[in-house]
Amino acid sequence: MSIIDNCIEFVKEKLQNAEAGHDWNHIYRVWQLSKIISEGEDVDIEIVELSALLHDIADAKFHQGDEEIGPKIAVEYLTMQGLAPKKIDHIYSIMRFMSFKGGHNEGKFYSKEFAIVQDADRLDALGAIGIARTFNFGGFKNNPMFDPQIEPILQQNVEEYKKNKGTTINHFYEKLFLLKDKMNTEKAKLIAKERHDYMLEFVERFKSEWFVNQD
Ligand code: ADP
Ligand code: NI
């Protein structure tokens with residue numbers, strides 16, 4: 001078995017009881033999208049694939065906000081698998097700096113492999129899947145779907161972003177609608193545009209049905 005095959009089994013096992021928006025199926029989609037974006041690019045595909053597979057191995061928001069736990073588990077695992085230390089370092093950095101966190105991790109690390117996996121993860125937050133994941137997460141947190149009295153908070157610091165107990169519809173304004181302009185690669189920008197437009201239409205319809213508009 002290759003290191004990738006081993007890693008797939010490891011991740012599936014670890015994420016057995018994960019919330020449906022951050023489970024093996026999310027990892028699978030990010031892994032596949034990462035490979036699609038990598039086509040024709042000069043990258044270390046092993047680093048791309050392993051980073052995609054491991055990127056949510058222990059998400060901070062399900063581990064009392066601990067940002068280090070995921071990268072640490074990945075490093076331990078890859079060391080055990082005998083991957084070259086230089087590659088492990090690279091994967092560690094990708095995992096450590098990939099997350100959105102209200103945009104506060106931006107510019108702290110860059111490589112082509114990082115850019116691709118980050119784009120793939122962000123694409124899975126958009127479109128039909130993005131909508132489904134967002135409502136699933138909101139339900140998991142028992143957040144209200146929508147409340148016209150609660151305004152979206154656009155400029156949040158890291159702590160505010162993590163603690164935000166807003167509505168699921170507000171999450172579209174606070175994060176999802178901002179993602180299309182944050183894509184790193186040309187391929188991801190194209191996919192993002194289409195998924196973005198679909199979400200805009202969804203939110204518009206959601207509100208018109210919520211207020212039971214006559215028009
Ligand atoms: P990152 O790890 O990059 O900071 P998240 O893991 O917070 O990003 O977001 C991944 C997905 O989880 C989002 O695209 C969204 O679907 C869902 N999600 C995260 N926070 C919220 C929230 N407050 N309300 C609804 N969905 C959320
Ligand atoms: Ni992810």
Side-chain angles (χ1 to χ4, degrees), residues 1-15 18 21-59 70-101 103 105-130 132-133 175-176 178-199:
M1 289 241 287
S2 72
I3 188 163
I4 304 271
D5 291 333
N6 288 342
C7 192
I8 291 169
E9 292 314 311
F10 175 68
V11 174
K12 276 187 186 167
E13 161 80 26
K14 270 266 180 209
L15 295 181
H22 291 84
D23 62 358
W24 162 251
N25 299 293
H26 164 62
I27 304 304
Y28 174 82
R29 292 187 301 266
V30 173
W31 175 40
Q32 297 304 317
L33 283 165
S34 296
K35 287 195 277 185
I36 291 170
I37 303 170
S38 294
E39 274 165 28
E41 300 286 347
D42 180 20
V43 289
D44 182 333
I45 193 70
E46 187 173 44
I47 289 183
V48 169
E49 289 193 51
L50 289 173
S51 303
L53 288 168
L54 289 164
H55 85 276
D56 275 336
I57 194 71
D59 193 310
K72 203 167 144 244
I73 292 173
V75 167
E76 277 165 19
Y77 177 73
L78 295 170
T79 306
M80 212 174 67
Q81 291 286 312
L83 190 72
K86 225 175 145 207
K87 289 202 186 203
I88 297 180
D89 279 355
H90 191 162
I91 294 168
Y92 170 85
S93 299
I94 292 176
M95 289 179 64
R96 189 65 189 79
F97 297 111
M98 226 177 87
S99 173
F100 177 79
K101 303 288 168 302
N105 266 338
E106 242 137 283
K108 292 196 180 152
F109 175 78
Y110 184 85
S111 70
K112 191 85 203 206
E113 290 80 0
F114 169 84
I116 288 171
V117 181
Q118 187 178 52
D119 277 1
D121 192 32
R122 285 174 169 171
L123 284 177
D124 203 53
L126 303 182
I129 293 280
R133 291 180 72 211
K175 173 177 174 183
L176 305 182
L178 311 179
L179 291 179
K180 83 162 171 33
D181 293 328
K182 292 180 183 290
M183 296 294 159
N184 304 300
T185 65
E186 292 310 310
K187 233 180 261 173
K189 280 179 196 168
L190 280 177
I191 307 172
K193 166 89 176 77
E194 202 189 343
R195 293 187 181 196
H196 176 87
D197 292 347
Y198 182 76
M199 291 195 306

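Since we're looking at a predicted model, the values are computed, not measured.
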Walk me through whether Ile8 and Tyr28 qualify under side chain to side chain contact (heavy atoms under 4.5 Å, CB included).
CA-CA 9 Å; Ile8 291 169; Tyr28 174 82; over 6 Å; no
task = Starting from the C-alpha separation in whole Å, work towards a yes-or-no answer on side chain to side chain contact (heavy atoms under 4.5 Å, CB included) for Leu83 and Glu46.
result = CA-CA 10 Å; Leu83 190 72; Glu46 187 173 44; 3.8 Å; yes
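Nearest heavy-atom pair, Met183 versus Ala192, reported as atom, atom and distance to 0.1 Å: CG-CB, 3.8 Å. The nearest pair of heavy atoms linking Ile116 to Ser34 is CG2-O, 3.5 Å. Heavy atoms only, all atoms of each residue included: Ala74 and Met95 are closest at CB-SD, 3.4 Å. When all heavy atoms are compared, the tightest approach of Ile57 to Gly70 is CG2-O, 3.5 Å. Nearest approach of Leu126 to Leu176, heavy atoms of both residues: CD2-O, 3.5 Å. Residues Ala115 and Asn184 approach most closely at O-ND2, 3.1 Å, considering heavy atoms.
Exactly one of His90, Gln118, Arg96 qualifies for a side-chain contact (heavy atoms from CB on, under 4.5 Å) with Phe109. That residue is His90. Under the side-chain contact (heavy atoms from CB on, under 4.5 Å) test applied with Trp31, the options Val48, Leu53, Val117 reduce to a single match, Leu53.
For the atom pair CD of Gln81 and SG of Cys7, the computed distance is 7.5 Å after rounding to the nearest 0.5 Å. The CG atom of Asp119 sits 9.0 Å away from atom CD1 of Ile191, with the distance rounded to the nearest 0.5 Å. If you take CD1 on Ile94 and CG on Leu54, they are separated by 10.5 Å, rounding to the nearest 0.5 Å. In this structure, Ile37 CD1 and Thr185 OG1 are separated by 4.5 Å, a value rounded to the nearest 0.5 Å. One distance of note links CD1 of Ile88 with OG1 of Thr79; it measures 3.5 Å at 0.5 Å rounding. Atoms CD1 and CG, from Ile27 and Asp56 in turn, are 4.5 Å apart once rounded to the nearest 0.5 Å.
Within 6.0 Å of CD on Glu194 lie no more than 12 heavy atoms contributed by other residues, nucleotides or ligands. The local environment of OH in Tyr198 is sparse, with at most 12 non-hydrogen atoms from other residues, nucleotides or ligands closer than 6.0 Å. For Lys193, the NZ atom sits in a loose shell: 12 or fewer heavy atoms of surrounding residues, nucleotides or ligands are nearer than 6.0 Å. Counted within 6.0 Å of NZ on Lys35, heavy atoms from surrounding residues, nucleotides or ligands total more than 12; the atom is thus considered enclosed.
Residues Lys175 and Leu179 are in side-chain contact: their nearest non-hydrogen atoms beyond the backbone lie under 4.5 Å apart.
Side-chain atoms of Arg133 come within 3.5 Å of backbone atoms of Asp124 as a donor-acceptor pair (strictly under, hydrogens ignored). His55 places a side-chain N or O within 3.5 Å of a backbone atom of Ala52 that can act as its donor or acceptor partner. The main-chain N or O of Glu9 is never found under 3.5 Å from a side-chain atom of Asn6 such that the two would form a donor-acceptor pair. In this structure a side-chain-to-backbone donor-acceptor pair under 3.5 Å is missing from Lys87 to Asp44. Proximity of a side-chain donor or acceptor of Lys112 to a complementary backbone N or O of Asp42 within less than 3.5 Å is not detected.
Not counting sequence neighbours, the partners of Phe10 by the ring pair (Phe, Tyr, Trp, His ring centres under 6.0 Å) test are Tyr77.
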